[in-house]
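To start, the structure under review is shown below, and the notes come after it.
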Amino acid sequence: MREAEPAGRDQWRATVARTAADLRAMILRHPWIAPELSQVGLVHIGPNALRMASGLLARCEAAGFPADETERALGTLMAYVVGIATSEPRTSH
């Protein structure tokens with residue numbers, strides 16, 4: 001997963017969408033990670049995920065979103081992405 005890079009105040013939406021797509025791609029590549037994510041959360045699976053989550057929070061804070069709303073919104077988004085990616089059919093490579 002890519003770390004959210006610093007950018008302007010109005011770029012939060014693109015960062016969130018790109019991060020969600022990266023998370024989905026990671027889950028499809030590594031299906032074993034979904035149960036881990038549901039048990040321990042994104043920030044507990046490693047330094048790259050922690051950097052990504054911190055970058056998302058910082059980007060939303062820079063855009064002016066309240067911290068408590070940001071945490072709930074990003075938690076909901078991540079739960080949605082994990083749920084959708086988990087339910088997608090796997091293709092053999």
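Remember, predicted model here, so these are calculated numbers, not experimental data.
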All side chain to side chain contact (heavy atoms under 4.5 Å, CB included) counterparts of Tyr80, not counting sequence neighbours: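 For Tyr80, the residues satisfying side chain to side chain contact (heavy atoms under 4.5 Å, CB included) (neighbours in sequence not counted) are Ile84.
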Euclidean distance, [Y] [atom2] relative to [X] [atom1], rounded to 0.5 Å:
{"X": "Leu56", "Y": "Thr19", "atom1": "CG", "atom2": "OG1", "result": "4.0 Å"}
{"X": "Met78", "Y": "Met52", "atom1": "CE", "atom2": "CE", "result": "5.0 Å"}
{"X": "Ile33", "Y": "Thr86", "atom1": "CD1", "atom2": "OG1", "result": "10.5 Å"}

Glu61 vs Thr70 side-chain heavy atoms within contact, under 4.5 Å: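 No - every pair of side-chain heavy atoms lies 4.5 Å or more apart.
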Minimal non-hydrogen separation, Arg24 against Val81, with atom names: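 For Arg24 versus Val81, the nearest heavy atoms are N-CG1, 3.7 Å.
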Which atom of Ala85 lies closest to which atom of Ile27, heavy atoms considered: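 That would be CB-CG2, 3.6 Å.
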